[in-house]
Amino acid sequence: MKGSPLRSSRTAECLCLGSAAILLHKAVTAQGSTFVNGAAPVSESKLEEQRSSTTFLRGAGAASETSLQASSSLAAVGVVFCGTTCAAARARRKTGSRLLALPERRKGREPAAATNAVRTDPGLVTSVDPSVGPKGTYQVGIDFKNWLQSATEELQVDGLQVEGTIPPWLQGSLVHAGPAKFEFGDDEFVDWVDGQAMLYRLQIKENGECQYKNRWLDTWNHRMHREAGRIAVRETCSRPSLGSFWERFQYLFNPPNNENGNLHISQIAGSRCVSMSVGSACLEFTLDEMKTLGKVPWDDELVEGGPLIFHAEPHVDKDTGEWITCAIQLRISPEDMGLKPEYVVFSVSPQTSKEPGAPVKRRLIRRISTEYPSPVHTIAVTKKYIVMIQIPYPLNWDGMLNAEARWLMDGVYEGNLNDYNTWQPERPTLIRLINRETGEEDKVFETDPFFFFHIINSFEDKDGDDDLVHLDVVCYDEPPVGFPLRQAKSGDVEDWRGGGGEVRRFTMNLRSGECLCTGWPDNCFDEPKINPKVDMERHRFSWGVIDDNGMLRLTKQDHDTHEVIKWTGQDVSRELPWQPVFVPEPYNDREDAGVVMSFVRDQPTGDSFAVILDAATMEEQARIHFPKGHHIPLHGHGTFISGAFPSTDAELPA
């Protein structure tokens, strides 16, 4: 069968087997030197001085020449093994153990009160004194310590308290996903992105009644962690807690299962809800009961050459419903005795079966070979092109293998997303225009290096006889500083310059090959959303969050006048918004006709509510309060599904 789990598992297993041999080589060679790129071997006496800081081995002496030669040979054998056994390998791992169920679900009870106090300044504070904290940092007002605590319960609550008036046309479900469980037993994940996925749904019914419901994404990863009472399986930036070298070595031969879709929510075929993440497979769930169905059953051969990793947030064509994304594939190349990275750009037709759990066939649009693959967080789509940005932030093989080798030797894994990539500003940033129909790369434009997470919009234009493509991106001059989860939860984030980037417009001339960049400096903006009615068309407005001297503010950005309008009623001394969603008003073609919705955390109490703002004026229309004391951790992207109302919702056990 095409695209069967067994076939995918075989390829992944080949990678694991080859990697194990390479890691043994790294571990043995590390005994004579530290794992610092370009560092010369150090003596045994020097090793003792460095063990607490730079050395990744404890008690390591100098390696013999014989052992180094043997490990080098082992590494070569491992690479060859990847290529020669790919087609013949068999899936060895079968899960036969009993897996514990997820936590008991409760309906309608009041959860325990949250305990997180920041400060409670009297009165409404709508501006921040820049002298309170350094510009562009999160020092001023964000309580990461409590925001990054684990969620503890699932709830379904009807009749939520509403302040203000919800527009009568606003009916549907606001759905978010996010990391929500950060530790098991005494083990804590290394990075926020490893937190186990929770789904959140705010439902606004025809009569204005509102319901809140959250459920764990019921994944193999989560069940394995819970059964073991520790980190039991591999996550993107974390490794299982295993007591001996031999156990860790054996685990290297287990292909990753990659089930933890905690960042992106979208719909395939206009109705099938899926959640995915940086290192996760695409997982399907039902909107009515929020029941996890499992991995989307792909019915194709895209993973024949190796697993797909680092998926971009999917883009759905507003006119056709085509679901488009890209990922990185580490293809095995026996000729090169190693891995041959490729970008894989693919889509799902809107004619795909709408039956939940039915097989899905992907259309391969383009494969792009590259020597320095870098993750792509978002893509853009125009009527004719897929716009993909390749930044000079390639995967850092040494960093990943070093982290893996240290875990193999002493059980400590400290690789986070920053360690997985290396900033190389000597390279240009590439903007690729891929023809949606033919898959051809019509043009590749070079521009100065920049880092980005989010594209605002892209559209085609004419200038006389010249065909143009405009691309609006939130750019950073370099990657924002990120921290391991433990450090962020400690509050030690004074140097985190991640509050927002600079909006830049790249205008690409297909005839001349020129790329012109115009900027909007010092607006410190990110998490952008536009009215989906103007997706792929010239837009004027976007909505998102800005870093206002250390506090996040919901804003409307006018790209023509550079005017910024903030949420006028936000109390910045306590109210923390995140990840806004734009919902357009039906039958109204005005670009800013609609509402902006966002989950907002009240930091002194830890309670949350959803705010509804008039998108034109940014004035508050309503607040929908979630149950008191119910904790919603820092979450990922969401979407609003209009008019989708569960007719019958399964009762949750008391």
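Quick caveat: nothing in here was measured; it's all calculated off a predicted structure.
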Original post:
Just checking, any donor-acceptor pair under 3.5 angstrom between side chains of Asn396 and Thr422?
Top reply: yes
Original post:
Going by atom types alone, do Gln196 and Asn262 pair a side-chain donor with an acceptor below 3.5 Å?
Top reply: no
Original post:
Any idea which heavy atoms bring Ala380 and His315 closest together, and the distance?
Top reply: CA-ND1, 4.3 Å
**OP:** Verify, without hydrogens or angle tests, whether Ser542 (side chain) and Ile530 (backbone) share a donor-acceptor contact under 3.5 angstrom.
**Re:** no
Subject >> Ser349 side chain to Gln351 side chain, donor-acceptor N/O pair below 3.5 angstrom >> reply: yes
Subject >> Steps toward side chain to side chain contact (heavy atoms under 4.5 Å, CB included) verdict (Leu433, Leu510) >> reply: CA-CA 10 Å; Leu433 300 186; Leu510 275 69; 3.9 Å; yes
Subject >> Step-by-step side chain to side chain contact (heavy atoms under 4.5 Å, CB included) determination, Tyr251 to Val233 >> reply: CA-CA 9 Å; Tyr251 187 82; Val233 297; 3.6 Å; yes
Original post:
Is Thr286 reaching over with its side chain to a backbone N or O of Lys291, donor-acceptor style, under 3.5 angstrom?
Top reply: yes
Original post:
With ring centroids as reference points, do Phe506 and Phe450 lie under 6.0 angstrom apart?
Top reply: yes
Original post:
Any side-chain heavy atom of Ile328 sitting closer than 4.5 Å to one from His311?
Top reply: no
Subject >> Close side-chain approach of Leu202 to Met597, heavy-atom, < 4.5 Å >> reply: yes
Original post:
So which heavy atom on Ile365 is nearest to which on Asn435, and how close?
Top reply: CG2-O, 4.0 Å
Original post:
Can you find a pair of side-chain heavy atoms, one from Tyr343 and one from Gln390, that are under 4.5 Å apart?
Top reply: yes
Original post:
Got a donor-acceptor contact below 3.5 angstrom from the Asn214 side chain to the Leu155 backbone?
Top reply: yes
Original post:
Does the Trp397 side chain pair with the main chain of Tyr420, one donor and one acceptor, at a distance under 3.5 Å?
Top reply: no
**OP:** Take atom NZ of Lys318 as the centre, draw a 6.0 Å sphere, and report whether it contains more than 12 heavy atoms from other residues, nucleotides or ligands.
**Re:** yes
Original post:
Does any non-hydrogen side-chain atom of Arg367 lie less than 4.5 Å from one of Gln329?
Top reply: yes
**OP:** Begin from the C-alpha positions of Trp192 and Leu634 and carry the test side chain to side chain contact (heavy atoms under 4.5 Å, CB included) through to its verdict.
**Re:** CA-CA 9 Å; Trp192 168 77; Leu634 172 65; 3.7 Å; yes
Original post:
How far apart are the closest heavy atoms of Arg215 and Glu154, and which atoms are they?
Top reply: CA-OE2, 3.1 Å
**OP:** Please state whether the rings of Phe451 and Tyr393 are parallel, tilted or perpendicular, taking 30° and 60° as the class boundaries.
**Re:** perpendicular
**OP:** Can you see which heavy atom on Ser238 is nearest to which on Val190, and at what distance?
**Re:** OG-N, 2.8 Å
Original post:
Going by atom types alone, do Asn260 and Thr219 pair a side-chain donor with an acceptor below 3.5 Å?
Top reply: no
Subject >> Charged tip of Arg362 within 45° of Phe346 ring normal and under 6.0 Å >> reply: yes
**OP:** May I ask you to say whether Arg436 pairs ionically with Asp317, meaning some side-chain N is under 4.0 Å from a carboxylate O?
**Re:** yes
**OP:** Using a 4.5 Å cut-off on heavy atoms from C-beta on, say whether the side chain of Asp535 contacts that of Phe459.
**Re:** no
Original post:
Under 3.5 Å, is there a donor-acceptor pair between the Asn257 and Lys295 side chains?
Top reply: yes
**OP:** Kindly say whether Trp407 contributes a backbone atom to a donor-acceptor pair with the side chain of Arg248 at under 3.5 angstrom?
**Re:** yes
Original post:
Backbone N or O of Glu440 within a donor-acceptor pair of the Thr438 side chain at under 3.5 Å?
Top reply: yes
Subject >> Check ion pair Lys384-Glu437 (N to O, under 4.0 angstrom) >> reply: no
Original post:
So, Arg201 and Gln211: side-chain donor and acceptor under 3.5 Å apart, yes or no?
Top reply: yes
**OP:** Using the side-chain contact (heavy atoms from CB on, under 4.5 Å) rule, pick out the option among Ile641, Val274, Thr639 that qualifies with Ile265.
**Re:** Thr639
Original post:
Just by distance, do the side chain of Arg366 and the backbone of Val345 share a donor-acceptor pair under 3.5 Å?
Top reply: no
**OP:** Verify, without hydrogens or angle tests, whether Asp187 (side chain) and Glu183 (backbone) share a donor-acceptor contact under 3.5 angstrom.
**Re:** no
Original post:
Between Glu313 and Thr378, is any side-chain donor less than 3.5 angstrom from a side-chain acceptor?
Top reply: no
Subject >> Note: Arg272-Glu284 ion pair, threshold 4.0 Å (strictly below) >> reply: yes
Original post:
Would you find a donor on one side and an acceptor on the other, under 3.5 Å apart, between the side chain of Ser374 and the backbone of Pro394?
Top reply: no
Subject >> Donor + acceptor pair across side chains of Trp323, Ser347 (<3.5 Å) >> reply: no
Original post:
Hey, does the side chain of His264 reach the backbone of Ser275 with a donor-acceptor pair shorter than 3.5 angstrom?
Top reply: no
Original post:
Looking at side-chain heavy atoms only, is the closest gap between Leu217 and Leu283 below 4.5 Å?
Top reply: yes
Original post:
Do Glu188 and Leu485 come close enough that some side-chain heavy atom pair is under 4.5 Å?
Top reply: yes
Original post:
So among His176, His635, His637, which one has a side-chain hydrogen bond (donor to acceptor under 3.5 Å, both in side chains) with Gln579?
Top reply: His637
Subject >> Side-chain heavy-atom pair Leu308, Val303 within 4.5 angstrom cut-off >> reply: yes
**OP:** Locate the shortest heavy-atom distance separating Met388 from Cys326; write the atom from each residue and the value.
**Re:** SD-SG, 4.0 Å
**OP:** Please determine which of His539, Lys529, Glu537 meets the side-chain hydrogen bond (donor to acceptor under 3.5 Å, both in side chains) test together with Asn457.
**Re:** His539
**OP:** Kindly confirm or rule out a cation-pi arrangement of Lys383 over Tyr385, judged by NZ or CZ under 6.0 Å from the six-membered ring centre and within 45° of its axis?
**Re:** no
**OP:** Return the orientation label for the His454 and His377 ring planes: parallel under 30°, perpendicular over 60°, tilted otherwise.
**Re:** perpendicular
Subject >> Full working for side-chain hydrogen bond (donor to acceptor under 3.5 Å, both in side chains) between His225 and Glu235 >> reply: CA-CA 11 Å; His225 296 315; Glu235 298 288 351; 2.8 Å; yes
